[in-house]
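So the structure is just underneath, and the comments pick up after that.
The structure displayed is predicted, hence computed values, not measured ones.
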Amino acid sequence: MKIIRNITSISAAIALAAAMTSCSNKSDSDKKQYERTAPDSVSFEWQKAYESKLNEFKESEDYSDNQESGSAFDLFDITKDGTPELIISPNNDGSTKCLVYSFSDGEAAEIGDIGNAGSFMYLPVLNFIKDEYCGDGFVLGQYLKYENGSFNQEISYSDNSQSAMSGDVIVHEINGEEVLLPDYDKALEPYINSPALNVGRKYSMGDGVIKYALYRSESWGNIISPADKKLCMDMLKEKLLPEYEAGSEIAYELADLNNDDVPELLISEGTYPEAPCSIFYFKNNTLCPVEGTYGSWGEITLDTDNLIFYSVSGTETIYWSIANSAFSSTNYVSSGNTAVLGRKRLLTEENLSADFS
């Protein structure tokens with residue numbers, strides 16, 4: 001049975017909302033105000049093409065509106081050309097692959113299908129995709145790189161060690177050839193030790209979240225001020241200590257949790273069950289923390305229509321809102337428009353430079 005715990009009771013929500021208005025003792029008039037534009041006023045060539053492709057998919061027999069296991073999508077720059085690809089996940093069944101589209105000549109052109117269970121892992125530091133299928137006692141996988149218009153295999157592997165208890169002969173293979181376990185581990189070590197992001201199922205497919213994803217989520221770098229970018233850079237560089245420079249799973253994301261057209265900065269501490277997100281907001285030329293930590297597995301889920309965000313940990317669902325001080329989870333009904341937030345960008349020098357320089 002799922003337990004619902006409403007962390008933001010009325011009093012707690014009021015305190016949380018108040019925290020959003022008090023961080024610095026300097027008044028707004030003491031600082032030169034940056035005139036921000038609305039995120040949906042920023043236009044990209046790919047937006048209409050991706051919206052059309054999503055609407056087309058929603059009319060197909062592969063579309064499912066099941067909130068737990070149905071269709072979802074993502075925007076992620078796999079080709080490293082500065083334009084995100086559109087990744088469509090029909091469902092999260094075990095063998096379901098993602099359909100990947102790139103913007104080309106004014107259209108969303110399919111460039112391949114990859115992944116399993118409706119998602120895949122992307123290794124930003126190495127620029128590789130992990131495409132793995134876990135069966136009953138065995139694993140089949142490969143690491144791919146997008147080059148020259150296609151996904152090319154760098155290495156493949158298979159292992160059935162999980163079936164040892166059933167008496168099967170254990171076989172480890174690299175690129176189709178049987179190898180000893182030490183050689184198997186050595187071949188995969190560079191990839192396994194490189195941090196990865198899960199890609200494919202960030203957004204549900206309701207009309208509201210499609211609008212958020214296409215017309216808001218990719219615009220923050222174009223509307224926040226140079227001063228705000230420096231605040232983000234400085235805050236995130238504090239996390240980029242020497243021990244985090246390689247192998248860290250710390251990630252970050254800009255997202256608008258209260259629909260005021262100003263993003264919050266989310267910092268995800270990792271991908272373990274208790275990994276929290278910290279939330280910071282811009283106020284008086286300062287990046288201020290929202291007291292507390294939020295989420296699990298390093299993520300929160302935002303209902304983009306109701307402006308409620310929540311996390312699921314075991315049998316417990318915990319809800320918060322910084323948009324509505326009177327929010328109570330007792331009366332909450334999901335809009336079906338949800339976005340999984342916190343782990344859009346891995347914390348690396350390259351990403352910080354691209355996002356905030």
CZ (Phe280) and CG (Leu266) are apart, to the nearest 0.5 Å, by 9.5 Å

The reported gap from CG in Asp234 to NZ in Lys229 (rounded to nearest 0.5 angstrom) is 14.0 Å

* To do: Would you check if there is a donor-acceptor pair between the side chains of Glu51 and Tyr215 at a distance under 3.5 Å?
  => yes

Minimal heavy-atom distance between Glu218 and Asn222, with the atoms involved, is O-OD1, 4.1 Å

_Does this structure show an ion pair linking Lys186 with Glu189, if we count only N-O contacts that are shorter than 4.0 Å?_
no

Discussion item. Main chain of Val262, side chain of Asp260: is a donor-acceptor contact present, judged purely on distance under 3.5 Å?
Written reply: yes

Exercise for the section: For the residue pair Leu341 and Leu257, establish whether any side-chain heavy-atom pair is separated by less than 4.5 Å. Expected result: yes

Excluding Met121, membership of its hydrophobic cluster (Ile, Leu, Val, Met, Phe, Trp, Tyr; side-chain heavy atoms within less than 4.5 Å) reads none

Next item on the list: Let me see the working for Leu302 and Val209 under side-chain contact (heavy atoms from CB on, under 4.5 Å), right down to the final yes or no.
Entry: CA-CA 10 Å; Leu302 173 69; Val209 75; over 6 Å; no

Separation between CG (Asp355) and CD (Glu253), nearest 0.5 Å, reads 10.5 Å

Do Gln47 and Val42 come close enough that some side-chain heavy atom pair is under 4.5 Å? no

Between Ala38 and Asp261, the two heavy atoms sitting closest are CB-OD2, 3.8 Å

For Leu346 and Asn351 the tightest heavy-atom approach is O-ND2, 2.8 Å

Using the rule that Ile, Leu, Val, Met, Phe, Trp and Tyr join whenever any side-chain heavy atoms are under 4.5 Å apart, tell me whether Tyr101 and Met205 fall into a single cluster.
yes

Are the side chains of Phe44 and Phe103 in contact, using a 4.5 Å heavy-atom criterion? no

May I have the list of side-chain donor-acceptor pairs in residues 125-147 shorter than 3.5 Å, sequence neighbours left out?
unit_1: Asn127; atom_1: OD1; unit_2: Tyr122; atom_2: OH; d: 2.4
unit_1: Asp131; atom_1: OD1; unit_2: Gly115; atom_2: N; d: 3.3
unit_1: Asp131; atom_1: OD1; unit_2: Asn116; atom_2: ND2; d: 3.2
unit_1: Asp131; atom_1: OD2; unit_2: Gly115; atom_2: N; d: 3.4
unit_1: Glu132; atom_1: OE2; unit_2: Tyr157; atom_2: OH; d: 2.6
unit_1: Gln142; atom_1: OE1; unit_2: Gln153; atom_2: NE2; d: 2.8

Thr79 versus Glu85, side-chain donor and acceptor atoms under 3.5 Å: yes

For Lys53 and Ala108, the nearest pair of non-hydrogen atoms, with its separation, is CE-O, 3.8 Å

Please check this pair: side chain of Ser328 against backbone of Asn331, looking for a donor-acceptor N/O pair closer than 3.5 Å.
no

Exercise for review: Decide yes or no for Ser204 and Thr338: does some side-chain heavy atom of the first lie under 4.5 Å from some side-chain heavy atom of the second?
Suggested key: yes

| task | For side-chain contact (heavy atoms from CB on, under 4.5 Å), just list the numbers for Leu54 and Leu214, CA-CA rounded to whole Å, side-chain angles, deciding distance to a tenth of an Å, and then say yes or no. | result | CA-CA 11 Å; Leu54 285 167; Leu214 296 181; 4.3 Å; yes

Take Asp159 and Ser161 through the test side-chain hydrogen bond (donor to acceptor under 3.5 Å, both in side chains) and record every step on the way to the result. CA-CA 6 Å; Asp159 171 65; Ser161 57; 2.7 Å; yes

What one should report as the nearest heavy-atom pair of Ser311 and Glu299 is CB-O, 4.3 Å

key: Side-chain touch Ser248/Leu347, heavy atoms, less than 4.5 angstrom   = no

Separation between CD1 (Ile111) and CG (Leu99), nearest 0.5 Å, reads 11.0 Å

**Message:** When you measure from the side chain of Asn92 to the backbone of Ala117, do you find a donor-acceptor pair of N or O atoms at a distance under 3.5 Å?
**Reply:** no

Inset, instruction - Please determine, by modelled atom types, if Thr304 and Asn337 share a side-chain donor-acceptor pair under 3.5 angstrom. - result: no

Linking I/L/V/M/F/W/Y whenever any side-chain heavy atoms sit under 4.5 Å apart, do Ile210 and Ile87 land together? no

Item to complete: Kindly indicate, with the supporting measurements, whether the criterion salt bridge (Lys or Arg N to Asp or Glu O under 4.0 Å) is fulfilled by Lys211 and Asp207.
Response: CA-CA 6 Å; Lys211 293 294 185 183; Asp207 292 341; over 6 Å; no

Rounded to the nearest 0.5 angstrom, the CD1-CG distance for Ile308 and Asp303 is 7.0 Å

### Task
Indicate if Leu197 and Ile250 have the same hydrophobic cluster label, given that clusters are the connected sets of ILVMFWY residues with side-chain heavy-atom separations under 4.5 angstrom.
no

**Request:** Compare all side-chain heavy atoms of Ser71 with those of Ser64 and state whether any distance is below 4.5 angstrom.
**Result:** yes

Determine, step by step, whether Asn324 and Asn306 satisfy the side-chain contact (heavy atoms from CB on, under 4.5 Å) criterion, reporting the C-alpha distance in whole Å, the side-chain angles of both residues, the deciding distance to 0.1 Å, and the verdict. CA-CA 9 Å; Asn324 180 6; Asn306 291 321; over 6 Å; no

### Test item: Asn258 side-chain N/O and Ala323 main-chain N/O as donor-acceptor pair under 3.5 Å
no

Is it true that atom CD of Glu350 has more than 12 heavy atoms of other residues, nucleotides or ligands lying nearer than 6.0 Å? no

Exercise for the section: May I ask you to test the Thr271-Arg343 pair for a side-chain heavy-atom distance under 4.5 Å? Expected result: yes

Exercise for review: State whether the side chain of Asn55 and the backbone N or O of Glu59 hold a donor-acceptor pair below 3.5 Å, judged by distance alone.
Suggested key: no

- prompt: Same cluster for Val100 and Leu86 if Ile/Leu/Val/Met/Phe/Trp/Tyr side chains link at under 4.5 Å?
  reply: no

Item checked: Lys58/Asp65 salt bridge by N-O under 4.0 Å criterion -> no

Q) Is there side-chain contact between Leu181 and Ile170, with heavy atoms separated by less than 4.5 Å? A) no

Which of Trp320, Tyr319, Phe327 passes ring pair (Phe, Tyr, Trp, His ring centres under 6.0 Å) with Phe309? It is Trp320

The reported gap from CD1 in Ile174 to CG in Leu180 (rounded to nearest 0.5 angstrom) is 11.5 Å

Between Phe73 and the options Tyr212, Tyr203, Tyr50, Phe57, the ring pair (Phe, Tyr, Trp, His ring centres under 6.0 Å) test singles out Tyr203

Quiz item: Less than 4.0 Å between a side-chain N and a carboxylate O, is that true for Lys239 and Glu269?
Solution: yes

Query raised in the report: For Ser89 and Arg201, does a side-chain donor sit closer than 3.5 Å to a side-chain acceptor?
Result: yes

Discussion item. So does Ser69 get a backbone contact from the side chain of Asn66, meaning a donor-acceptor N/O pair under 3.5 Å?
Written reply: yes

Scanning both residues in full, the closest heavy-atom pair of Ser158 with Tyr184 reads O-CE1, 3.4 Å

| message | For residues Ile114 and Ile88: do they belong to one hydrophobic cluster (side chain heavy atoms under 4.5 Å, members Ile, Leu, Val, Met, Phe, Trp, Tyr)? | response | no

Going by distance alone, is a donor N or O of one side chain under 3.5 Å from an acceptor N or O of the other, for Asn152 and Ser150?
yes

Practice task
Please test Leu254 against Arg345 for side-chain contact (heavy atoms from CB on, under 4.5 Å), starting from the C-alpha separation and ending with a verdict.
Solution key: CA-CA 9 Å; Leu254 291 171; Arg345 301 283 277 173; over 6 Å; no

